[in-house]
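Note that the structure is a prediction, hence the values are computed from the model and not measured. The residues of the chain are indexed from 1 along the displayed sequence.
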Amino acid sequence: MTNNEKKVLNWIEKNSNVVIELLSQLIQVPSVTTYFDEDPKFMCEGEAQRKLKSYLEELGLITEFSFPDADALKKYENKAGYYPNYTFENRPNLFGFYPGEGGGKSILLFGHIDVVSRGSGWTVNPFGGEIIGNRIYGRGAVDMKGGIAAMVTALNAIQKCGIKLKGDVKIGTVVGEEAGGMGTLAFVDKGYRADACLITEPTHLNIAPLCRGILWGKLVIPGRNGHIELEQGDWRNGGAVDAIEKMDIYLTHIRHLNKLWSVRKKHKYLPIPCQVNIAQINAGEFPTTFANRAEIIFDAQYLPEEKDENGLGSKVKKELEKFVYDIAQTDDWLKENLPYIEWIVDADCGETSDEEPFFKLVRDKTTEINPSSIVQGICCHTDMGWLCNVGIPTVNLGPGDARLAHQNDEYVEINELIQCTKIIASIIMHWCGIDNE
């Protein structure tokens, strides 16, 4: 470890209040994305971005806002992140630029400013940014204002120590990640680029060179209603058909499918295989009537190697549609009344090779500062897909346990937040290079 690096890491340790206060302030500006059924007063992505913009300008960064525009992005129709009816009034993306002295590689520090809805069950103010013991609480503490605070403070520490970087540092925070990623699509379309990108999604300080794609689907299974207390004739003669009973056929076969996927759909850097996970079941109308329709709402994951030419999961969609059709052929009613899938979301994935120099640097500097860190991919979606698509080596690394994201009483541990800030500062210095070192 160089003397300059030790100097910066010591500054972060001695001035830990800087990252703590920044995170607390960011949490206190509610930035629930507009996808959710939330009180509009908490949907303040623009206000959160303005606060961060002012902070970056105080650090000497050149900043600009850009607003995603569905009409302008129509050329990406049928590709990852494009949604024709999304609007972004008062929901800007933020870009900050800190020029280097020249001769070094550039880095993009990247994250999303939006958060999910509050939900229920909180024992603290979800937008209080309250500090209790070793924890900072609030919606976005983990996902992912903690990562944003760490990356901004890492650059701040380098500046405060008087260190001149050779390469440029760029900061991007986007809106709309929690509702499909159109903010990132717009950011990439705007032309922002760097030699490498670090996304500070929560990884518990693990190094994540990939994330999975996510499909949300609704499997609709038809039945025929009829009085539940009376004898029913054959369905061919007008008898009732219980959609719940037919749904059970699919639930059984989904369990069998998951056993196959647990062998076929694994990755060396993922702790669990891809699965079709049941999230919701809806069926029935009255206590005295057989269900006329049943719905299985599911979450299915796919690997980067499975994405199609548009960066999406159409291959896995076809696989699941064939699965639904084939099961229907085993039942006389279903064969004549085919179930079908309504697709809800296709969130893209990405992967950076472990042979990439940036990956190796992130791995080496992370484990040097935090020896317990391991290489482990992210099982859910992050915004890395489009960054990888345009040729930017991208790695996820950030503070906090991702399992706490979207929960009530979401929190990040302060010691991990500080440790992450040190790691990011080290990565910046070694990737960008230090002038006159």
Which of parallel (below 30°), tilted (30 to 60°) and perpendicular (above 60°) describes Y192 and F187?
-> tilted
Salt bridge or not for E306 and R212, using N-O below 4.0 Å?
-> no
Please determine if K365 and E368 form a salt bridge, counting it only when a charged side-chain N lies under 4.0 Å from a carboxylate O.
-> yes
Quick one: CD1 on I199 to CG on L387, what's the gap to the nearest 0.5 Å?
-> 5.0 Å
Without swapping roles, check the side chain of H381 against the backbone of D348 for a donor-acceptor pair under 3.5 Å.
-> yes
Going by the angle between their ring planes, with limits at 30° and 60°, are F95 and F97 parallel, tilted or perpendicular?
-> parallel
Taking the side chain from E413 and the backbone from G400, do they hold a donor-acceptor pair closer than 3.5 Å?
-> no
Cation over ring face, K218 and F298, 6.0 Å, 45° = no
Do any N or O atoms from the side chain of T87 and from the backbone of E89 form a donor-acceptor pair under 3.5 angstrom?
-> no
Where the side chain of Q275 meets the backbone of N258, is there a donor-acceptor pair that is under 3.5 Å apart?
-> yes
Heavy-atom side-chain proximity of D383 to H112 below 4.5 angstrom | yes
CG of L397 to OG1 of T200, rounded to nearest 0.5 Å, is 8.5 Å
According to the interplanar angle, ranging from 0 to 90°, do the rings of F88 and Y86 count as parallel (below 30°), tilted (30 to 60°) or perpendicular (above 60°)?
-> tilted
Short side-chain to backbone donor-acceptor contact, S54 and R50, under 3.5 Å = yes
Flag, side chain of T421 to backbone of L417, donor-acceptor distance under 3.5 Å | yes
Show your working on side-chain contact (heavy atoms from CB on, under 4.5 Å) between H406 and D143 and close with a plain yes or no.
-> CA-CA 8 Å; H406 303 191; D143 188 17; 3.0 Å; yes
Do we see a donor-acceptor contact under 3.5 Å between the side chains of Q49 and T173?
-> yes
Ion pair E309/K79, N-O distance below 4.0 Å = no
Tell me, do R91 and M43 make a side-chain contact under 4.5 Å, heavy atoms counted?
-> no
For the pair T352 (side chain) and V395 (backbone), establish whether a donor and an acceptor sit closer than 3.5 Å, ignoring hydrogens and angles.
-> no
Hey, are the side chains of L165 and I158 touching, using non-hydrogen atoms and a 4.5 Å cut-off?
-> yes
Distance-only, no hydrogens or angles: does the D114 side chain make a donor-acceptor pair with backbone N or O of E178 under 3.5 Å?
-> yes
Please confirm whether the backbone N or O of G129 pairs with a side-chain atom of S24, one donor and one acceptor, at under 3.5 Å?
-> yes
Smallest separation among heavy atoms of T366 and L205, with atom names = CG2-O, 3.6 Å
Over 12 non-hydrogen atoms of neighbours within 6.0 angstrom of NZ in K317 | yes
So, do F42 and R118 sit near enough that their side-chain heavy atoms are less than 4.5 Å apart?
-> yes
Could you tell me whether R403 atom CZ has more than 12 heavy atoms of other residues or ligands within 6.0 Å of it?
-> no
If you measure from CD1 on I207 to OH on Y269, what distance do you get to the nearest 0.5 Å?
-> 10.0 Å
Check: Y76 ring centroid to W386 ring centroid under 6.0 Å = yes
Are there more than 12 heavy atoms of other residues, nucleotides or ligands under 6.0 Å from atom CH2 of W122?
-> yes
Would you indicate whether F67, at its atom CZ, is surrounded by more than 12 heavy atoms from other residues, nucleotides or ligands within a distance under 6.0 Å?
-> yes
Is it true that a side-chain atom of E351 and a backbone atom of P304 form a donor plus acceptor pair closer than 3.5 Å?
-> no
